[in-house]
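Everything below concerns the one structure shown next.
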Amino acid sequence: MVASPKHFLDISRAAAEELHRILQAAHEMKAARSGRPQGFIEPDRPLENRILAMIFEKPSTRTRVSFDVAMRQMGGQSMLLSGNDLQLGRGETVADTARVLSRFVDAIMIRTFEQSKLTELAEFATVPVINGLTDATHPCQVMADVMTLQEKKGDLSNLTVAWSGDSNNVTNSWMHAAGCFGFDLRIASPEPLQPASEILDWCKQNNANVTVTEDPQAAVAGADCVVADVWLSIHEEGQGTKHNLLKPYQVNSALMAVAKPDAVFMHCLPAHRGEEVTADVIDGPQSVVFDEAENRLHVQKAILAWCLSGIL
Ligand code: CP
Ligand code: NVA
């Protein structure tokens, strides 16, 4: 019997010990590259002769560049496939796309809209599938965020992370991470934009310490980390505005002042200065947003090694 591929679809779908192993490897890979040029190919070439197909049905800067560089640094190659240029964009089924790509490449990373497209791709692919963001979740981002939190704060179990703004795909992956890594997560969102009942149920079933409030000050009070994201995600563009509802949730210096004095500020980027976060916060001394962006590379190398090479 052929073993099923090791997909990386969501933080909630991997065992906590596997996620810890991935993070440990990411820290080691980062340390091992210190002082090397970005194009330095690691001598052991763990992904030599491997090809990653990257399907993008939405725009991206960080995800596309970090996955491509990850493959190159590990001795492999990647190819960029825009959704509109594939027959997928003209109605070829996800299942057939999965079966065909599996005959050509060793792994598939996809950024798409509905979560069901990701899961269907994984169902029919015979190679690993990685979630590069859907409308519902963004697990690679939050793995990089958790890695960054470990770098800045060490042990996660006594930490409180506060989210202020729209409850979106990134929030959902933070909720999964709270369940797997044991930190407390407080989410402040206006009532109509709070997390869906399904994911709140998941939190209950998985003992994730997640609380939801309409009060941003209450969420952020004494927090170790404050997180924001855009008020309108890519899949919501052109669907009106939530700005009036979200204005009180802006992360500004007054809100940061109620967090711990050494709290860090996180944002997955891209950011809209003056909307979800003020420039003085995102460009200020508590901001770790570019460490988060860099850690996409290191954590995705570990994810690729876990999915592909059997070395993790
Ligand atoms: N944070 C993130 O995923 O960025 P991109 O949309 O640029 O890939
Ligand atoms: N919530 C954002 C994240 C972008 C990386 C979006 O989906 O557009």
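Counting starts at 1 for both ligands and their atoms, in listed order. Bear in mind that the values here come from a model prediction, so they are computed numbers and not experimental data.
Annotation: Ser233 places an N or O atom under 3.5 Å from an N or O atom of ligand 2; distance criterion only. Inclusion of Leu269 in the set of residues having an N or O under 3.5 Å from an N or O of ligand 1 is warranted. In terms of N/O distances under 3.5 Å, ligand 1 is approached by Thr61. For Asn169, a nitrogen or oxygen atom sits less than 3.5 Å from a nitrogen or oxygen atom of ligand 2, counting backbone and side chain alike. For a threshold of 3.5 Å applied to N or O pairs, the pair formed by His235 and ligand 2 contains no separation below that value. Note: no N/O pair closer than 3.5 Å links Leu232 and ligand 2 by distance alone.
Residue contacts with ligand 1 do not include Lys58, since none of its heavy atoms lies under 4.0 Å from the ligand.
The nearest heavy-atom contact from the protein to atom 4 (O) of ligand 1 is Arg62 NE, 2.8 Å. Of all protein heavy atoms, the one closest to atom 4 (C) of ligand 2 is Leu133 CD1, 3.9 Å.
Other residues, nucleotides and ligands contribute only 12 or fewer heavy atoms inside 6.0 Å of the NE2 atom of His272. Heavy atoms of other residues, nucleotides or ligands lying less than 6.0 angstrom from CD of Gln286 number more than 12. Atom CZ of Arg64 has 12 or fewer neighbouring heavy atoms from other residues, nucleotides or ligands inside a 6.0 Å radius.
Ion pairing between Lys301 and Glu42 holds under the 4.0 Å rule for side-chain N and carboxylate O.
Here the rule is side chain to side chain contact (heavy atoms under 4.5 Å, CB included) with Glu57, and of Asn84, Thr134, Leu133, Leu88 only Leu88 fits it. None of Arg36, His298, Gln38 except one satisfies the side-chain hydrogen bond (donor to acceptor under 3.5 Å, both in side chains) rule with Gln73; the exception is Gln38. For the side chain to side chain contact (heavy atoms under 4.5 Å, CB included) with Asn168, the qualifying choice from Pro195, Ser233, Ser173, Ser189 is Ser233, the only one to do so.
Closest heavy-atom contact between Asp291 and Lys152: OD2-NZ, 3.0 Å. Met29 approaches Ala302 most closely through the heavy-atom pair SD-N, 3.7 Å.
Residue Cys268 has at least one heavy-atom neighbour below 4.0 Å for each of these atoms of ligand 1: 1 (N). Per-residue contacts place Ile234 under 4.0 angstrom from the following atoms of ligand 2 (heavy atoms of the residue considered): 6 (C), 7 (O), 8 (O). Residue contact check: Asp229 has heavy atoms under 4.0 Å from atoms 1 (N), 2 (C), 3 (C) of ligand 2. Set against the non-hydrogen atoms of Arg111, the atoms of ligand 1 under 4.0 Å away are 2 (C), 3 (O), 5 (P), 6 (O), 8 (O).
Between the side chain of Arg50 and the backbone N or O of Leu308 there is at least one donor-acceptor pair closer than 3.5 Å.
Of all the heavy atoms of Asn168, the ones lying under 4.0 Å from any atom of ligand 2 belong exclusively to the side chain. At a heavy-atom cutoff of 4.0 Å, ligand 2 is contacted by the backbone of Leu269 but not by its side chain. The part of Arg296 lying near ligand 1 is the side chain, judged by heavy-atom distances below 4.0 Å.
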